Amino acid sequence: MILILFGPPGAGKGTQAQRLEKSHGLVQLSTGDMLRAAVTAKTENGVRAQEKMASGKLVSDDIVIGIINERIAAEDCKGGFILDGFPRTAAQAEALDEMLNEQGLKLDHVILMRVDDDALVDRVSGRFACGACGAGYHDSFKPTKVEGVCDECGATDFSRRKDDNRETVATRLTAYYADTAPVLPYYSEQGVLTQVDGMAGIDEVAAEIASVLDA
Ligand code: AP5
Ligand code: MG
């Protein structure tokens, strides 16, 4: 199965993708995570992307299309994958269709997670992740079971994203409404788009997504 988790910054794409990896045996392909790794490793793409990411603007299409093109051809994606944060522009959506066509693959679902703007800011500002395994948490909405210890791997190092501040979130939201949300009609015309209520709790959202995938 191939699906896109679509939604604004902080909608819960990464949270649900991590759950779907376990529940549905799919691979999470987060362009945000891949770009952050490239920035840390100071690769050519990382150096090119760094400034845009820090300010909340979109990285150029050629970089993210190249990253995804390489990634979906890898062996671990043969059993299906979740695109988290890609595509984000009309050009990326068209490039994805071409890549899937070339590989004889078909997009099954695009799931739009709808969340109010005010809630997005609260979600993003309380977010942190395990520094070892990347499991995602939130100060209020998804704290670790034991304070300071990762539920998944027991590590005690956590990190917060540099772009998770009020000002950058505003720029990320502007980019979402200007460039990303306009891609939605492309998918509704293809008959693959489903909306879920992203304002519900994490478990409820997971159940709603599972009911779409398992229907
Ligand atoms: P990216 O990393 O994709 O960031 P984003 O789209 O802004 O999305 P987030 O990761 O912030 O949110 P999420 O939806 O994953 O939410 P999460 O599950 O963590 O991109 C970062 C940057 O990289 C971009 O700004 C851009 O520069 C660049 N980039 C990436 N892809 C690109 C592309 N294709 N083209 C161009 N540039 C690109 O949840 C958020 C918090 O809320 C967590 O703490 C979580 O615990 C909590 N939470 C989740 N669900 C719920 C719930 N239902 N109720 C309560 N709390 C919840
Ligand atoms: Mg994310």
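Just so it is clear, the model here is predicted, and its values are computed rather than measured. Remember, it's 1-based here, ligands and their atoms both numbered in the order they're listed.
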Do you know the tightest heavy-atom contact between L173 and P8? CD2-CB, 4.1 Å

Considering all heavy atoms, the nearest K78-A73 contact: NZ-O, 3.2 Å

May I have the step-by-step check of side chain to side chain contact (heavy atoms under 4.5 Å, CB included) for M1 and H109, ending in yes or no? CA-CA 8 Å; M1 179 178 311; H109 296 284; 4.1 Å; yes

Numbering as shown, the atoms of ligand 1 that approach [X] to under 4.0 Å (heavy-atom distance):
X	answer
F141	55 (C), 56 (N)
T15	17 (P), 18 (O), 39 (O), 45 (C), 49 (C)
G14	13 (P), 15 (O), 18 (O)
R36	2 (O), 21 (C)

[Y] backbone acceptor or donor facing [X] side chain under 3.5 Å:
X	Y	value
K142	R127	no
D108	I2	yes
Q28	A17	no
Q18	G136	yes

Out of E204, K57, Q92, K52, who gets a non-hydrogen atom closest to atom 27 (O) of ligand 1? K57

Out of Q18, R127, R88, R172, who is nearest to atom 24 (C) of ligand 1 when you count heavy atoms only? R88

Please confirm whether [X] approaches ligand 1 to less than 4.0 Å, judged on its heavy atoms.
X	answer
S30	no
A11	yes
M113	no
G201	yes
R161	yes
G10	yes

What protein heavy atom sits nearest [atom], and how far off is it?
atom	result
atom 46 (O) of ligand 1	H138 CB, 3.4 Å
atom 22 (C) of ligand 1	M53 CE, 4.0 Å
atom 53 (N) of ligand 1	A200 O, 2.8 Å
atom 51 (C) of ligand 1	I202 CG1, 3.4 Å
atom 54 (N) of ligand 1	R123 NH2, 3.3 Å
atom 16 (O) of ligand 1	G12 N, 3.2 Å
atom 29 (N) of ligand 1	L35 CD1, 3.5 Å
atom 31 (N) of ligand 1	T31 OG1, 2.8 Å

For ligand 1, is there an N or O atom under 3.5 Å from any N or O atom of [X]?
X	answer
K13	yes
P87	no
V205	no

Taking the inter-plane angle between the rings of F128 and F158 on a 0 to 90° scale, is it parallel (under 30°), tilted (30 to 60°) or perpendicular (over 60°)? perpendicular

One residue to check: [X]. Relative to ligand 1, which of side chain, backbone, both or neither has a non-hydrogen atom less than 4.0 Å away?
X	result
A17	neither
V59	both
L58	both
Y137	backbone

Dump the intermediate steps for side chain to side chain donor-acceptor pair (under 3.5 Å) on N45 and T43, then the final yes or no. CA-CA 5 Å; N45 279 341; T43 65; 5.5 Å; no

D179, D163, D117 screened by salt bridge (charged side-chain N to carboxylate O under 4.0 Å, His left out) with R172, the one that passes: D163

Atom [atom1] of [X] and atom [atom2] of [Y]: how far apart are they, to the nearest 0.5 Å?
X	Y	atom1	atom2	result
D84	Q16	CG	CD	10.5 Å
L96	I68	CG	CD1	8.0 Å
I209	M113	CD1	CE	4.5 Å

Under a single-linkage definition using a 4.5 Å side-chain heavy-atom cutoff for Ile, Leu, Val, Met, Phe, Trp and Tyr, are I202 and L5 assigned to the same hydrophobic cluster? no

Using a 4.5 Å cut-off on heavy atoms from C-beta on, say whether the side chain of F141 contacts that of T15. no

Let's go through R71 and D76 carefully: what are the C-alpha distance in whole Å and the side-chain angles of both, what is the deciding distance for salt bridge (Lys or Arg N to Asp or Glu O under 4.0 Å) to 0.1 Å, and is it a yes or a no? CA-CA 9 Å; R71 197 60 192 83; D76 64 332; 2.7 Å; yes

